[in-house]
Participant: 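Sharing a structure, written as structure tokens. Questions coming.
Atoms within a ligand are numbered from 1 in the order they appear, just like the ligands themselves. Start at 1 with the first residue, then count along the sequence.
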Amino acid sequence: MENENIIRLSVFLGLLCLFSLLEYLIPRRVMPGSKPKRMAANLSLVVIDSIAVKIILPMTAGLFAVWVAEQDRALLGFHTPVILAIILLDVIIYWQHRIFHVVPMLWRLHQVHHSDNAIDTSTALRFHPIEIVLSMLVKFAAILLFGIPVMAVVIFEIILNGAALFNHSNIRLPFDHILRLFIVTPDMHRVHHSVIKGETNSNYGFNVPWWDRIFGSYVAQPEQGHENMKIGLNQYEGGETSLLKLLLMPLKLK
Ligand SMILES: [Zn+2]
């Protein structure tokens, strides 16, 4: 547990650099607008998110899992094995994501993520701090209910961060049709960032692609093709790169 933060930060920075380099070497799409401005906004948000989580929540999800295990507080009275717990957390995050698209109050928060008018690895960091705190609380609830072990929490958070950086990246991959049978690929997740409503409300998965196929939200390719599709939200056509405006976005009716 002492090394958890160092391991997570190292994996995060390593993958951010790797995918940024691959975006430069094998880009999938031409990026519109100013990349430095978007990067600055998205990176600033992730810093604010980490501070908000530290201030608002009394402990990390990992430490909460340790407490639940030590005090034997799992509400259903059992502790879920690690592999099963990771799969369970993934399906919970899938449904959480779907709910954020349906409930208007939650969509106001989540539209910060979708208001990026391009999609690259930095988009994976673009979330409103309240959305991040709420999703941590969902994890806390899952840990308490199903007795999720600390190992599963730590592994899941590392996988989730890494997978998000990967599936938002603007990289061209060979054998996408095979890869997407096992993992959410950038081409699969890009459909979710389309301005077309039916496409925005599809491909909610972050790690494994199965939930979208099982629960009927899978869309294979964007209608306009990957090169021509429009990314973002029509009401934020030019993208939004002002940090203050991003933080206040949920208060605005658009
Ligand atoms: Zn979304």
Participant: Could you check whether any side-chain heavy atom of I51 comes within less than 4.5 Å of a side-chain heavy atom of V47, counting everything from C-beta outward?
Facilitator: yes
Participant: I need the NE2(H110)-the Zn ion (ligand 1)-NE2(H114) angle, rounded to 10 degrees.
Facilitator: 90°
Participant: Using the rule that Ile, Leu, Val, Met, Phe, Trp and Tyr join whenever any side-chain heavy atoms are under 4.5 Å apart, tell me whether I231 and M31 fall into a single cluster.
Facilitator: no
Participant: How far apart are the C-alpha atoms of F206 and H189, what are their side-chain angles, what is the distance that settles it, and do they pass the ring pair (Phe, Tyr, Trp, His ring centres under 6.0 Å) test?
Facilitator: CA-CA 8 Å; F206 277 110; H189 192 69; 5.8 Å; yes
Participant: Regarding H101, does it place an N, O or S atom less than 2.8 Å from the Zn ion (ligand 1)?
Facilitator: yes
Participant: When the aromatic ring centroids of H113 and H97 are compared, is their separation below 6.0 Å?
Facilitator: no
Participant: Decide, counting backbone as well as side-chain atoms, whether H113 has an N, O or S atom less than 2.8 Å from the Zn ion (ligand 1).
Facilitator: no
Participant: Considering just N/O/S atoms, say which atom of H97 is closest to the Zn ion (ligand 1).
Facilitator: NE2
